[in-house]
Number of protein chains: 2
Amino acid sequence: MTVSVREVAALAKVSVGTVSNVMNRPEKVSPDTVERVQAAIRTLGFVRNDAARQLRAGRSRSIGLVVLDVGNPFFTDLARGAENRAAEAGLTVLLGNSDDDEERENAYLDLFEEQRVHGVLISPIGDAADRLARLRERGTPTVLLDRQSDNHNFSSVSVDDPAGGYTAARHLLEIGRRRLAFVGGPVSLQQVTDRLAGARLAVAEQPGATLEVIETAALSVLEGRAAGEALLARAATARPDAIFAANDLLAMGVLQALNMNGQVLVPGDIALIGYDDIAFASAAVVPLSSVRQPSELIGHTAVDLLLREATEGADAEHEQIVFQPELIVRASTGG
Amino acid sequence: MTVSVREVAALAKVSVGTVSNVMNRPEKVSPDTVERVQAAIRTLGFVRNDAARQLRAGRSRSIGLVVLDVGNPFFTDLARGAENRAAEAGLTVLLGNSDDDEERENAYLDLFEEQRVHGVLISPIGDAADRLARLRERGTPTVLLDRQSDNHNFSSVSVDDPAGGYTAARHLLEIGRRRLAFVGGPVSLQQVTDRLAGARLAVAEQPGATLEVIETAALSVLEGRAAGEALLARAATARPDAIFAANDLLAMGVLQALNMNGQVLVPGDIALIGYDDIAFASAAVVPLSSVRQPSELIGHTAVDLLLREATEGADAEHEQIVFQPELIVRASTGG
DNA sequence: GCAATCGATTAAAACGATTCAACGCCGTCC
DNA sequence: GGACGGCGTTGAATCGTTTTAATCGATTGC
């Protein structure tokens, strides 16, 4: 039924070792045997068995990537960057979507470990520190995405979230707003707390400014819409005059709620800024101000770091790379 | 260095066969040996080698999914549907992004074949018929996504694109527009030509109506913006009064060009409708009318079909499932 | 002319989990 | 008391590829 090197070898009248050599180092084989073997491969429709290769090699030729939300363009852009860089190195990226769920996160990590991947890139939920430490002890290098390790134990590629949060809030203050609200959550995500911390700092520096926190269960359009509708239910005077959303999906949800049932509150009554600068932000009902992260570059760089750790072995030094975010001003904050 | 069943067996003072049984059918092993073996697994930090399992099993526990564009929410929604259904069956989904590139498409198919996946779900570029036929002959069942096979040789899950195109164009005609333009491409995508064909039909039924075709190189926001800018460069009288874009990404690009450099042409001068009804469509500058496809359901159903083909073997009958699209009217067509 | 060298090829030993026929042990039945 | 059956366990074979040491011819060097 299934055709293996054995059959190929028989048809080409060579040994299985030679078939292997033809596929992996043809320069070590005489030209006419190469031709004969390749002909045999073609006529039999031989496809080599990756499981057997991996078993022998001890490692697979892929790296695992666990993201919080594949529906978020920030992560698909990041994945694209990682994939391109990995392809250059002859590796494949296995994409896992944890969807903010620790169980799914663990399931993917288990899977990747059983697959003996070259390494894991992960944007972890909460404090996965010991889980990841065990993973690495067993020989799978790991790089954190979009977040630094608390004790510098892991390599990481991230963006300066406190600075991004500061920049966003500062911008809202600079256009004259004082009653700020932060929409974001869950707080188990370090990205959320860091951005909030930065915003708090900016508000604290501005006398008379306040910051209200509206916590959401996820960083999704739906949650944003719910938050926006909650605000809408308030008396007009009780509403903030500016909103900083922890990411663009939330911001777009908020925008839908505030600007799409007849009324138009953004940007006149309420200024709005998001985070990530996804491609859809500029095409929103009111083009969305945002804080841009270099998503593809993050993915690209993370693979570089991972490959370095993988080659240097267990005692590789761990490097934290931090990119700076960039403020993008559009109509939603009066730009 | 690496710990295998052998070491576990030694520590637990049992044979390797028993260790395997503990992991795969614990009910066949006496309770105290189960406990002893599990203790050994824990203390040694044993993680089973998936390559070895697969080699023995002959098949991997995953299915391959090749999509045209991971950046398109339609496909990530579809992937989510597939993933959920696959998870219920204990399978993993490997997601490959062909990015409209036949070379990448082939690379992923090769990879999946070497991995001995349970089957392949693919939204193919152009006519991959013989490539896919070979794949299936070698034992990998295949289901087409978002497109039917020309000769009913493959199972498929798709949406009635001609009907969708007809519905979209008919809607534009019903709101009184007559000079229609279709923006889409490349024509190698059957989705594009089918939607266009449907639109042509609707226009032909309407005396005095015309349909101009503006071909794009891809179904992306960027290409849409380029098309929009080209229209903008024309004299106002030479512009169409309605545009049907082959998908929402294109439509949003067109919208950006037509409504965001000071002027506002949509929907007054030009009505605009997209296709897919991605989540961002309703949050666009002008909320976008669209033709909705049941993306998650497509992915879900495709996995069902695949599993059925896989169990029924080579002589399984091939089923074509076609869902009906749904017109969603929003502000961009005056809704 | 014999040894050394070189290139091409081979045969066999891995890799690690699963499976299956065989085996030992114990209690039951006649 | 011996045959039988059932349960739990074992050991070896197996999956398909890669790799290494060994082999075989043929050529070169002296």
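Just so it is clear, the values below take in all heavy atoms, side chains as well, and ignore hydrogens, waters and symmetry mates. Throughout, protein chains are lettered first and strands after them, A, B, ... in sequence-line order, and every chain is numbered starting at 1.
Contact annotation for A:S20: base contact, defined as any heavy-atom pair under 4.0 Å involving a base atom. A:V19 comes within 4.0 angstrom of no nucleic acid atom, judged by non-hydrogen atoms across all strands. Within 4.0 Å (heavy atoms only), B:R25 reaches sugar-phosphate atoms of the nucleic acid but no base atom.
Between B:L55 and B:T18, the residue whose closest nucleotide on DNA chain C is further toward the 5' end is B:L55. Two residues, B:R116 and B:D32, neighbour DNA chain D, and the one matched to the more 5' nucleotide by heavy-atom proximity is B:D32.
Under 4.0 Å is where a charged nitrogen must lie from a carboxylate oxygen, and between A:D110 and B:R48 no such pair does. Taking the charged nitrogens against the carboxylate oxygens, A:E83 and A:R80 have no contact shorter than 4.0 Å, which rules out a salt bridge. The pair A:R131-A:E137 fails the salt-bridge criterion, with no side-chain N (NZ, NE, NH1 or NH2) lying under 4.0 Å from an Asp/Glu carboxylate O.
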Review point. Checking side-chain hydrogen bond (donor to acceptor under 3.5 Å, both in side chains) for the pair A:D146/A:Q191: CA distance, chi angles, key distance, verdict?
Key: CA-CA 7 Å; A:D146 209 33; A:Q191 290 92 323; 3.0 Å; yes

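Atom CD of A:E7 is separated from atom P of D:dC15 by 10 Å (rounded to the nearest Å). Across the protein-nucleic acid pair, A:R59 atom CZ and C:dG16 atom C1' stand 14 Å apart, rounded to whole Å. Straight-line distance from the CG atom of A:N49 to the P atom of D:dT14: 18 Å, rounded to whole Å. Taking atom NZ on A:K13 and atom P on C:dA8, their separation rounds to 22 Å, with Å as the unit. To the nearest angstrom, P of C:dT9 lies 12 Å from NZ of A:K28. Between A:N21 atom CG and D:dA22 atom P the separation is 18 Å, expressed in whole Å. For B:R6 and D:dA13, the CZ to P distance is 13 Å, given to the nearest whole Å. Computed from coordinates, the B:N24 CG to C:dA17 C1' distance equals 9 Å when rounded to whole Å.
Considering only side-chain atoms of B:S15, the nucleotide from D:dT19, C:dA8, D:dT10 that sits closest is D:dT10. Closest to the B:F46 side chain, of the nucleotides C:dA12, C:dA13, C:dA17, is C:dA17. In this structure, the nucleotide among D:dC15, D:dG16, C:dT10 sitting nearest to the side chain of A:A52 is D:dG16.
Pairing each heavy atom of A:V16 with each of A:R6, the nearest pair is CG1-CA, 3.9 Å.
For D:dG8, the OP1/OP2 oxygens have no side-chain nitrogen or oxygen of B:T33 closer than 4.0 Å. A close approach under 4.0 Å does occur between a side-chain nitrogen or oxygen of A:T2 and OP1 or OP2 of D:dG16.
Side-chain to base pairing of A:R56 with D:dT18: one donor and one acceptor N or O lie within less than 3.5 Å of each other. Residue side chain A:R53 does not reach the base of D:dT17 through any donor-acceptor N/O pair under 3.5 Å, judged by distance alone.
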